[in-house]
Amino acid sequence: MDYFSPVLWLVSIVNILLIVALGVLVFLLRPLPVDPDLQVTQRTIALSGSVRSGLTPRKGFFDTADVMMVQYKPAQENSPWSERGARLENPTGFQEILPSLPLVLWVTDGRSSVSRVEPVAATLASLGYEVVVADFNRQLIETAVLRVQGLFFPHKITERQATLQQESSFQYSALIDYFGGERGLAGRKVVLLADGYTGEGAKSTNEMHSFVSGFFIINGDDSLGNHNPIPDWTNGFGPVVETAPWIPVVMKHKSLLESRDESRFYSIAAAHKSHHFFSTLFATKEEL
């Protein structure tokens, strides 16, 4: 029979406790999955190019993925993704496939990502929209710097805000051009959704393109002059209590239990406020 010294017993117990604590930590920090009851389908498309040269679907293995775009739509739509995918190189064909769904274009803030805002996008899509989310922040170092500054040095973001806002305006315009611009989007209701510093980009893009019906900034203003607050929303980061609960711990000094929301309140609130605004906007446009 093997015998262990009290020190070895103590080390073993401490190791077990550490493993259990790590498991609890991982459980509390895990991203909350998108509600499976939403009945939404999605398609991820890697794009090559830039805001100046234009965007095209990445064709070859050696082509760079400069922009990551994810499209969400209600699952009950009869248009198969394979058919839509075949038209990606000719964006003007989109109105032939989904003419009835309003198109929501959303460029993510550099402190966020497509995956971080996915609960909002998926919830909004389930309400009867085609939601297109584009992440132009594919440079790892630059994105890491933005996120570190957003977490620990927010004044640095403020100092760069004018440049970041202008870049986001170019990004919205490039996304619109990808879909064929005014001609390619003829007959469709087009609106812009934003969070954080991309809100100013959405505003200026809305002013430049008369066929865009309006814009909505989560926890911010909209194109009808309303302010749309969501209590405790972290501007620029998305619904972090669902997708990155460690961020409220760092930024707002909350406990892990306080920083996590299993009810999906924030994504539901952001999506439904957006939906309410878009419905009002479309009704107002039709009355004119």
Side-chain angles (χ1 to χ4, degrees), residues 1-42 44 65 68 70 72 106 108-126 133 135 137-158 195-197 218-219 229-272:
M1 179 180 293
D2 293 329
Y3 293 93
F4 298 97
S5 68
V7 174
L8 287 177
W9 277 106
L10 180 61
V11 170
S12 299
I13 292 172
V14 170
N15 285 337
I16 291 172
L17 291 176
L18 287 175
I19 292 172
V20 172
L22 182 60
V24 172
L25 188 64
V26 170
F27 178 79
L28 291 175
L29 292 178
R30 79 195 191 284
L32 194 64
V34 174
D35 187 351
D37 295 332
L38 290 178
Q39 299 297 309
V40 170
T41 58
Q42 68 182 72
T44 301
M68 192 60 64
V70 182
Y72 303 85
W106 185 356
T108 61
D109 187 295
R111 295 163 290 184
S112 185
S113 65
V114 174
S115 60
R116 290 244 179 106
V117 304
E118 184 172 70
V120 180
T123 304
L124 183 58
S126 72
V133 185
D135 183 358
N137 304 288
R138 306 299 297 166
Q139 301 295 326
L140 294 180
I141 295 178
E142 183 179 349
T143 300
V145 169
L146 269 175
R147 291 181 179 179
V148 169
Q149 289 178 340
L151 284 170
F152 302 106
F153 310 102
H155 65 280
K156 294 289 187 181
I157 299 294
T158 303
D195 174 32
Y197 66 69
I218 299 173
N219 196 39
I230 298 178
D232 219 23
W233 180 271
T234 308
N235 286 345
F237 289 86
V240 290
V241 292
E242 300 172 29
T243 55
W246 60 271
I247 289 180
V249 175
V250 174
M251 294 187 67
K252 301 180 180 180
H253 309 292
K254 292 188 173 184
S255 70
L256 272 176
L257 292 178
E258 289 178 316
S259 67
R260 185 167 185 82
D261 176 32
E262 298 280 349
S263 70
R264 298 183 172 89
F265 166 80
Y266 291 91
S267 60
I268 292 173
H272 280 264

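These figures come from a predicted structure and were not determined experimentally.
In this structure, V240 and Y266 have side chains that are not in contact, with every pair of non-hydrogen atoms separated by 4.5 Å or more. Two residues are said to be in side-chain contact when any heavy atoms from C-beta on lie closer than 4.5 Å; T108 and N137 meet this criterion.
Shown here for M68 and V114, the closest heavy-atom pair between the two residues is O-CG2, 3.9 Å. Contact between Q42 and E118 at its shortest, heavy atoms only, is OE1-OE2, 3.1 Å. L32 and R264 make their closest contact through CD2-CG, 3.6 Å (heavy atoms, listed as atom of the first residue, atom of the second, distance). R116 and A244 make their closest contact through NE-CB, 3.6 Å (heavy atoms, listed as atom of the first residue, atom of the second, distance). Scanning both residues, P119 and S115, for their nearest heavy atoms gives CD-O, 4.0 Å.
Between T243 atom OG1 and F237 atom CZ the span is 11.0 Å, to the nearest 0.5 Å. Summarising the geometry, atom OG1 belonging to T234 is positioned 6.0 Å from atom CE belonging to M251; distances are rounded to the nearest 0.5 Å. Distance check: K156 NZ to T158 OG1 gives 11.0 Å after rounding to the nearest 0.5 Å. With values rounded to the nearest 0.5 angstrom, I268 atom CD1 is found 12.5 Å from L124 atom CG. The structure places CG of L151 at 11.0 Å from CG of L146, a figure rounded to the nearest 0.5 Å.
At least one donor-acceptor pair under 3.5 Å links the side chain of E242 to the backbone N or O of S267. S112 contributes no side-chain N or O that, together with a main-chain N or O of D109, makes up a donor-acceptor pair within less than 3.5 Å. Using modelled atom types, no side-chain atom of N235 and backbone atom of G196 make a donor-acceptor pair closer than 3.5 Å. A donor-acceptor contact shorter than 3.5 Å links the side chain of Y197 to the backbone of G110.
Legend: side-chain hydrogen bond (donor to acceptor under 3.5 Å, both in side chains) pairs involving residues 143-154, not counting sequence neighbours, sorted by first then second residue: Q149-R160.
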N219 vs D195, side chain to side chain contact (heavy atoms under 4.5 Å, CB included): CA-CA, chis, key distance, verdict: CA-CA 8 Å; N219 196 39; D195 174 32; 5.8 Å; no

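Environment of CD1 in I141: sparse, with no more than 12 heavy atoms of neighbouring residues, nucleotides or ligands closer than 6.0 Å.
For A270, the side-chain contact (heavy atoms from CB on, under 4.5 Å) partners at least two apart in sequence or on another chain are V120, I218, I230, W233.
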